[in-house]
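I have placed the structure first, in the form of structure tokens, so that the comments after it can refer back to it.
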Amino acid sequence: MPEGLLGEQPVTTVINGLRLVCGCGNEALWALLVVTEDGVEALCGQCEAAVQARPEAAVGPIDWTVKVEATQPRELAPWEVIAKDLANAITDGTMLPGEDVPTVGDIAQAHGVSVGTAHRAFTQLKNDGLIEVSRGRRAVVRQLQEDASDVA
């Protein structure tokens, strides 16, 4: 190992004199960093918590006191919950390949959401390659790649 690189030494993130630390212990892995005049905001790359570092008093660029607040990951939107539930049903085999997918109207009614919200969940399933949609026909569950290799 080259001199100066210590494999056991943790890496920390310091931006404008503010040290970022998440409540989960992460100090180096960030999915998103936003630096403003007021401080630093980041998304933890391990637990997805929002982390903020703000100087409590502008004593100077090096002497800032860091206040770190970790918040819970954001709550999923209704369409994301629906898409996740249907995706889980497809991947765990509850809904089988070739089986009809409930209509957007049925999804909306079952989950107590608008047709637009249900449509957004439906579109996510299509974009994720979990369902096949053909004009004039009911959407069906696609054959998953893992299932295709098991058959061969």
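Just so we're clear, the structure is a prediction, and the values are computed from it rather than from any experiment.
The cluster map of Ile, Leu, Val, Met, Phe, Trp and Tyr, joined by side-chain heavy atoms under 4.5 Å apart, puts Val113 and Val101 in the same cluster. Met95 and Val81 fall into different hydrophobic clusters, where Ile, Leu, Val, Met, Phe, Trp and Tyr residues are linked whenever their side-chain heavy atoms come under 4.5 Å apart, directly or through other members. Hydrophobic clustering of Ile, Leu, Val, Met, Phe, Trp and Tyr side chains at less than 4.5 Å, counting indirect connections, unites Val133 with Val115.
In this structure, CD1 in Ile82 is found 10.5 Å from CD in Glu80, a value given to the nearest 0.5 Å. Rounding to the nearest 0.5 Å places NZ of Lys126 at 11.0 Å from CD of Glu132. In this structure, Leu130 CG and Thr91 OG1 are separated by 7.5 Å, a value rounded to the nearest 0.5 Å. Taken to the nearest 0.5 Å, the CD atom of Gln124 stands 10.5 Å off from the CD1 atom of Ile131. To the nearest 0.5 Å, atoms CZ (Arg120) and CG (Asn127) are separated by 11.0 Å. Distance check, rounded to the nearest 0.5 Å: CG of Asp128 to CZ of Arg142 gives 11.0 Å.
The side chain to side chain donor-acceptor pair (under 3.5 Å) analysis of residues 103-116, with sequence neighbours excluded, yields the pairs Thr103-Asp106, Ser114-Thr117.
Side-chain atoms of Val141 and Asp100, non-hydrogen and from C-beta on, never get closer than 4.5 Å to each other.
Closest approach of Ala108 and Ala118 over heavy atoms only: N-CB, 3.7 Å. Counting all heavy atoms, side chain and backbone alike, Ala139 lies closest to Phe122 at CB-CZ, 3.4 Å.
For the salt bridge (Lys or Arg N to Asp or Glu O under 4.0 Å) test, no residue two or more places apart in sequence or in another chain qualifies with Glu99.
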Worked verdict on Leu86 versus Ile107 for side chain to side chain contact (heavy atoms under 4.5 Å, CB included)
CA-CA 10 Å; Leu86 289 170; Ile107 293 170; 3.8 Å; yes
